[in-house]
Amino acid sequence: MSDTPPVRRIAGPFNRIEGDLEILLDIAGDHVQEARVNATLFRGVERMLEGRAPMDALVIAPRICGICSVSQSRAAAAALAGLSQVQAPANGRIAANIILATENLADLITHFYLFFMPDFARPDYAHHRWHGAALRRFAAGRGQAVAAALRTRAELLHVMGILAGHWPHTLAIQPGGVSRGIDAEACQRLSGILASVRADLENNLFGVALETVVELADCATLHTWRQHGSASDFGLFLDIAETLELSTLGRAYDCFLTCGSWPGGRDPHNTTPLWPAGIVADGAVLPFAPQDIVEDHAFAHLRDHERVHPPAEGTTVPHLRDGTAYTWCKAPRLAGRPFETGAIARQLVRGQPLIRALVARGGGTVFSRVMARLIEMAALPLLMEQWVRQLEPGAPWYAPHGTLANGQSVGFTEAARGTLGHWLRVENGHIAGYQIIAPTTWNFSPRDAAGVPGPLERALEGAPVRPGEHTPLSVQHIVRSFDPCMACTVH
Amino acid sequence: MTFQILWLQSGGCGGCTMSLLCAESPGLLSTLRGAGISFLWHPSLSEQSGDDVQALLDSVLAGKVALDALCVEGALLRGPEGTGRFHIMGGTGRPMLTWVQALARVARHVVAVGSCAAYGGITAASPNILDACGLHYDGRYPGGALGAEFRDHTGLPVINIAGCPTHPDWVTGTLALLARGQLGATDLDPLGRPRFYADTLVHHGCTRNEFYEYKASARHPSDLGCLMENMGCIGTQAHGDCNTRLWNGGGSCTRGGYACINCTAPEFEEPGHPFETTPKIAGIPVGLPTDMPKAWYVALSSLARAATPERLARNATEDHIVVPPSSRPLRR
């Protein structure tokens with residue numbers, strides 16, 4: 001750390017993220033000293049929901065976000081299901097899992113190929129031996145791998161054409177299951193699509209079978225595989241990550257949060273998530289206690305900033321407070337602390353050995369966040385293949401729900417970017433309160449009343465700045481390593 | 001010379017871009033290349049961030065870089081109190097509203113991608129604390145961020161590729177026609193929508209048409225019957241070729257088992273009733289098919305209902321076909 005007085009710089013607009021973002025950087029010499037993350041767009045969707053019929057949440061909530069649309073839909077349907085006590089039949093729950101996994105996998109592919117990797121094709125890295133390959137594969141808007149990833153993504157999303165009408169913004173996911181039942185032939189087409197997606201991922205991304213990737217157990221196995229594996233985009237990423245030391249970049253608090261994903265199997269009475277809920281704090285895996293969540297508006301342009309609110313009692317009333325507030329994003333805290341959410345949290349809590357080893361060695365960093373997504377890109381098609389085989393044409397897909405007149409409920413789901421919660425309150429048949437905490441609200445939260453920075457703000461502290469850089473590349477790598485969705489953040 | 005597009009996102013979900021990336025046969029990058037289109041900047045596809053983008057915008061405004069089409073995705077936010085501060089373009093300190101107003105003046109064409117940019121859309125849903133509007137419309141009324149009198153340098157109004165989300169072909173098709181100079185004022189409908197998709201109704205090609213004809217109706221999600229009578233579907237009035245062009249390899253709202261909510265229309269976000277429930281007066285749906293006199297509808301539907309074959313009546317409330325069509329030989 002140097003003693004040079006910091007220079008304030010405003011970085012933005014950021015692209016290859018969802019939505020709009022700027023970051024105030026206090027740069028001291030060759031590194032970032034402090035960062036303040038500003039979500040520059042306010043959406044106010046929670047306010048649109050108030051007063052409407054509860055089921056209208058299924059139309060409005062997905063439109064919070066075009067990239068996490070099904071996740072929003074799933075959380076809304078879960079909140080409504082909680083209110084009406086309806087239980088989806090097995091087909092309904094499995095189909096909803098397939099629809100959500102399709103979105104999550106599409107998002108993971110989009111993030112890796114369209115958003116994150118193109119930065120390594122920049123001329124700034126021309127002196128590295130891997131730059132030619134990075135340019136050929138990942139150049140923004142023209143790399144070979146970009147075009148191929150778009151083809152894979154489009155084909156994967158044919159699952160939506162079969163099960164969900166279209167993507168984004170489907171109404172297929174209902175509190176009591178799904179709106180479309182399919183026959184055995186359509187199930188076969190789903191299997192065919194997944195086989196094609198698997199082939200693309202194995203041929204282009206991994207260079208090996210997906211099963212091999214999910215079985216990577218520790219850093220030594222990863223190293224061995226890399227020495228002997230065939231050329232692949234994954235291998236190229238590992239080369240880049242090593243030379244740029246991405247495993248030392250962008251460490252936040254090493255506090256992670258997941259609400260759990262993929263509820264239930266064939267047993268309609270067992271809705272336990274396959275990837276469990278939990279938090280990681282101080283190196284230990286602990287239960288996820290949603291009652292310990294509050295939101296803090298101390299640095300947000302919102303009213304009710306004098307005290308923190310549990311989300312069920314939260315408000316969203318915009319109020320410009322220049323001089324103090326610097327973003328439209330609230331600061332969620334769990335047991336008073338900022339938490340990071342996303343694939344890395346899911347894989348840590350689940351106990352995926354390689355991700356646990358990487359985090360034990362270097363914490364949550366640009367490298368371990370991206371590695372966790374790569375593990376999920378291999379794991380999701382394997383799960384989806386099983387689920388398609390579990391569908392039972394002829395058996396019900398939907399169960400009618402009861403009245404939605406009064407009550408409170410919470411719907412949780414894991415979006416690609418992490419834990420998403422919808423807190424719903426219905427009075428006299430109308431929505432009286434609707435509060436949402438999206439994954440990027442956790443990750444890109446501002447400071448809280450105690451002045452504690454949010455996870456990204458913390459992760460940016462110490463980021464190296466090279467001479468002449470205006471929007472430092474290290475900052476861009478760290479920002480994109482969270483796969484932010486600002487549209488969700490400022491719902 | 002390529003046809004150069006600048007794409008900005010404002011008050012919206014980004015879903016129209018996410019949908020655009022689903023373009024197929026050919027894929028998006030090939031489609032654009034084939035049409036001679038390039039992006040000066042696109043939020044999801046371009047390399048430049050930060051200062052590079054600001055420098056580009058300055059060059060466009062100064063006339064140093066030709067802007068053939070300004071594409072805006074998302075509604076424009078005029079609030080609070082007319083300041084536009086609900087959306088400041090990151091890094092610029094300037095509201096997106098005034099960026100778009102300035103860029104629209106130097107653009108050859110202005111394109112609203114999605115119902116938010118066209119009319120305000122979901123972003124302008126009540127209570128609209130954002131004071132959100134479309135580029136050229138404020139709901140169903142001409143006006144919006146650019147004002148009713150706006151015309152581009154060729155005399156065209158804002159081209160409204162309405163939809164929530166837009167089909168990728170609607171966007172690539174419109175841009176390709178513009179690039180070739182083949183989209184004129186007569187190719188737009190009265191709400192500024194390209195007629196190549198907006199002159200078709202969602203009803204056209206709906207797989208539930210036989211159920212519709214006999215008023216054999218679905219009662220719950222996953223039922224096979226017509227979605228108009230109970231489930232809130234307004235596909236008979238909604239403009240869009242969703243059921244003939246199809247989405248994501250073969251889907252559509254009605255094929256996915258849920259109502260068409262008329263998302264290509266201004267103010268679809270305020271139907272005046274719960275989206276997935278059909279409002280009725282004396283048992284008759286309030287919204288009737290376009291161009292159809294009410295008395296005729298009532299007469300025809302009661303006749304049709306009386307004549308509903310057992311097959312349709314039973315299948316309408318099942319999630320799979322329980323009574324197949326008869327297989328007796330056709331009379332020659």
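Chain identifiers are assigned alphabetically (A, B, ...) following the order of the sequence lines, protein sequences preceding nucleic acid strands; residue numbering begins at 1 within each chain. Note that the structure is a prediction, hence the values are computed from the model and not measured.
Only the side chain of A:L58 comes within less than 4.5 Å of a heavy atom in chain B; its backbone stays farther off. Heavy-atom distances place the backbone of B:Q48, and not its side chain, under 4.5 Å from chain A. Residue contact with chain A, scored on non-hydrogen atoms closer than 4.5 Å, involves the side chain of B:E24 exclusively. Contacts between B:L77 and chain A at a heavy-atom distance below 4.5 Å involve the side chain alone, from C-beta outward. Both the backbone and the side chain of A:R122 come within contact range of chain B, each with at least one heavy atom under 4.5 Å from a heavy atom of that chain. Heavy atoms closer than 4.5 Å to chain A are found in both the backbone and the side chain of B:S44. Neither the backbone nor the side chain of B:R219 comes within contact range of chain A; no heavy atom of the residue lies under 4.5 Å from a heavy atom of that chain. With a threshold of 4.5 angstrom between heavy atoms, A:Q476 approaches chain B through side-chain atoms but not through N, CA, C or O. Both the backbone and the side chain of B:L21 come within less than 4.5 Å of a heavy atom of chain A. Contact annotation for A:L320: only side-chain heavy atoms (C-beta onward) come within less than 4.5 Å of a heavy atom of chain B. Looking at A:D322, the atoms closer than 4.5 Å to chain B (heavy atoms on both sides) all sit in the side chain, from C-beta outward. Within the 4.5 angstrom heavy-atom criterion, only side-chain atoms of B:I261, from C-beta onward, approach chain A. Neither the backbone nor the side chain of A:A95 comes within contact range of chain B; no heavy atom of the residue lies under 4.5 Å from a heavy atom of that chain. Interface residue A:I64: only backbone heavy atoms are found under 4.5 Å from chain B. Using a 4.5 Å cut-off between heavy atoms, A:P168 touches chain B through backbone and side chain atoms alike. At a 4.5 Å heavy-atom cutoff, the contact between A:A53 and chain B is made by side-chain atoms alone. Both the backbone and the side chain of A:I67 come within contact range of chain B, with heavy atoms under 4.5 Å apart.
Judged by distance alone, with hydrogens and angles left aside, the side-chain atoms of B:N248 form no donor-acceptor pair with the main-chain N or O of A:H166 at under 3.5 Å. Of the possible polar contacts, none joining the A:N91 side chain to the A:L391 backbone as a donor-acceptor pair under 3.5 Å is found.
Using a 4.5 Å cut-off between non-hydrogen atoms, the part of residues 162-169 of chain B that approaches chain A consists of B:C164, B:P165.
For the residue pair B:T207/B:N243, the side-chain donor-acceptor check at 3.5 Å is not satisfied. Residues A:N15 and B:S49 have side chains that bring a donor and an acceptor to within less than 3.5 angstrom of each other.
Exactly one of A:H319, A:H491, A:H301 qualifies for a ring pair (Phe, Tyr, Trp, His ring centres under 6.0 Å) with A:W328. That residue is A:H301.
Salt bridge annotation for A:R52-B:E270: present, with a cationic side-chain nitrogen under 4.0 angstrom from a carboxylate oxygen. Taking a cutoff of 4.0 Å between a charged side-chain nitrogen and a carboxylate oxygen, A:R151 and A:E155 do not qualify as a salt bridge.
For B:T98, the side-chain contact (heavy atoms from CB on, under 4.5 Å) partners at least two apart in sequence or on another chain are B:R94, B:P95, B:Q101. Every residue two or more places apart in sequence or in another chain that forms a ring-ring contact (aromatic ring centres under 6.0 Å, His included) with A:F444 is listed here: A:F482. By the ring-ring contact (aromatic ring centres under 6.0 Å, His included) test, A:H158 pairs with no residue at all, sequence neighbours left out.
Counting heavy atoms of neighbouring residues, nucleotides and ligands inside a 6.0 Å radius, atom CD of B:E81 does not exceed 12 of them.
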